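Below you'll find the structure, written out as structure tokens, and then a few comments.
Nothing here was measured: the structure is a model prediction, and the numbers come from that model.
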Amino acid sequence: MSGLRRVILASVLPLGVALAPVWLAPAAQAGGVPLSERTISVVGTAEMQVAPTAARISFGARAEHKEAGDAMAEVSRRMAAILAELEAEGVAPADLRTRRIDVSPVWSQVRQNNGQRQITGFVASNMVELTVQDLERLGEMLDLVLRLGANDMGGLQFVHGDAAAQEDTLRVKAVEDAMRKARQLAEASGMGLGPARHINDGGGQGRPPVMRMEMARAAADVPVAPGEMTLSHSVTVSFDMFVPETEH
């Protein structure tokens, strides 16, 4: 072997021998499984009961005519009268919002000789959402919109005005719940719990009481009990796990 080759081998072999233990160390420390694969995913949840602070009434006018323009004209006249009366009753313009304006054809039920159905008229509708800030006036507002000629009711929904702040609180509690579950599972499996690797915010949900058209009509003559709303939030968190060191 030449002198040059002996010098090269002498300088390379120690490096290769030294690198081998370092390259294999992660797998050996994890019992043959890479540390990155030792993870646990849990879902944390939190919920609370809150009293609603306002209510939203969805209502509108609906009319059918042979001509689309006539149907929309009738709906517009009816809704203009309803909105003017609501504002006269002290409803703020900010509490009234148009949700949908629609014109749809009415098709005949009997097909012609060519198999096609004919348009026999048009249905127009205008839906508005009224926010009632004072729940003590809720029954009064329901009775008013029905007496003024609203013939298309979407229902009644209770809401909470400070839902964003409540959601912030629930988000923290959901993460704490996820950490508690992960710690319990890790201990039960004889593993140690490491830091969080991924957090997925599932968002909040509210389950407010909802009244449909029939209930809304009945509520016009009786007090309305808002009850409570259930607000909830969920997160999915992945944690690293590790093999605890054995005490000697």
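Taking 4.5 Å as the limit, some side-chain heavy atom of M79 sits within range of a side-chain heavy atom of F59. Between T98 and E129, every side-chain heavy-atom pair lies at or beyond the 4.5 Å cut-off. The side-chain heavy atoms of L231 and E47, taken from C-beta on, include no pair separated by under 4.5 Å. Side-chain atoms of L96 and V128, non-hydrogen and from C-beta on, do get closer than 4.5 Å to each other. Put simply, the side chain of F158 reaches to within 4.5 Å of the side chain of L138, judged on heavy atoms. Side-chain contact between V123 and V103: absent, with no pair of heavy atoms (C-beta onward) separated by less than 4.5 Å. For the pair N151 and R78, the minimum side-chain heavy-atom distance is below 4.5 Å. A 4.5 Å side-chain heavy-atom check between I119 and V106 finds every atom pair outside the cut-off.
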Could you walk me through whether V132 and L130 pass the side chain to side chain contact (heavy atoms under 4.5 Å, CB included) check?
CA-CA 6 Å; V132 181; L130 165 63; 4.1 Å; yes

Candidate pair T169 and H233, rule side chain to side chain contact (heavy atoms under 4.5 Å, CB included), full reasoning:
CA-CA 9 Å; T169 301; H233 202 96; over 6 Å; no

Begin with the C-alpha distance, continue with both residues' side-chain angles, and end with the deciding distance and a verdict on side chain to side chain contact (heavy atoms under 4.5 Å, CB included) for Q49 and M229.
CA-CA 6 Å; Q49 304 291 326; M229 298 171 53; over 6 Å; no

Test side chain to side chain contact (heavy atoms under 4.5 Å, CB included) on L86 and L144; report intermediate values, then the result.
CA-CA 8 Å; L86 288 175; L144 180 60; 3.6 Å; yes

With salt bridge (Lys or Arg N to Asp or Glu O under 4.0 Å) as the criterion, how do E140 and R137 come out once you've worked through the C-alpha distance, each side chain's angles and the decisive distance to 0.1 Å?
CA-CA 5 Å; E140 174 189 346; R137 298 192 64 192; 2.8 Å; yes

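R171 CZ: more than 12 foreign heavy atoms inside a 6.0 Å radius. Taking a 6.0 Å sphere around NZ of K181, one finds it holds more than 12 heavy atoms contributed by other residues, nucleotides or ligands. Within a 6.0 Å radius of CE in M191, more than 12 heavy atoms belonging to other residues, nucleotides or ligands are found.
With values rounded to the nearest 0.5 angstrom, I40 atom CD1 is found 13.5 Å from R197 atom CZ. Atoms CZ and CZ, from R97 and R56 in turn, are 6.5 Å apart once rounded to the nearest 0.5 Å. Note that OG1 of T236 is 10.5 Å distant from CD1 of I199, once rounded to the nearest 0.5 Å. Separating the OG atom in S189 from the CE atom in M241 is a distance of 5.0 Å, to the nearest 0.5 Å. Here the CZ-NE2 distance, from F239 to H198, works out to 12.0 Å after rounding to the nearest 0.5 Å. Here the CG atom belonging to L193 is positioned 12.0 Å from the CD atom belonging to Q184, to the nearest 0.5 angstrom.
Taking every heavy atom of both residues into account, A63 and A71 meet most closely at O-CB, 3.8 Å. Between V75 and A124 the shortest heavy-atom distance is CG2-O, 3.3 Å. The shortest heavy-atom contact between A55 and V159 is N-CG2, 4.3 Å. Between G190 and P244 the shortest heavy-atom distance is O-CD, 3.4 Å. F122 approaches K66 most closely through the heavy-atom pair CD1-O, 3.4 Å. Nearest heavy-atom pair, P52 versus L135, reported as atom, atom and distance to 0.1 Å: O-CD1, 3.5 Å.
Judged by distance alone, the side chain of S41 and the main-chain N or O of S238 form no donor-acceptor pair under 3.5 Å. Proximity of a side-chain donor or acceptor of D177 to a complementary backbone N or O of T45 within less than 3.5 Å is detected. When atom types are taken as modelled, the side chain of T39 and the backbone of D240 share no donor-acceptor pair closer than 3.5 angstrom.
By the rule that hydrophobic residues join a cluster once side-chain heavy atoms approach within less than 4.5 Å of another member, M127 and L146 end up as members of separate clusters. A chain of hydrophobic side-chain contacts below 4.5 Å, direct or via other Ile, Leu, Val, Met, Phe, Trp or Tyr residues, connects L185 to V243. By the rule that hydrophobic residues join a cluster once side-chain heavy atoms approach within less than 4.5 Å of another member, V91 and L156 end up as members of one cluster. Residue I82 is grouped with residue M153 when hydrophobic side chains (ILVMFWY) are merged at heavy-atom distances under 4.5 angstrom, including chains of intermediate members.
With sequence neighbours excluded, no residue forms a side-chain hydrogen bond (donor to acceptor under 3.5 Å, both in side chains) with R77.
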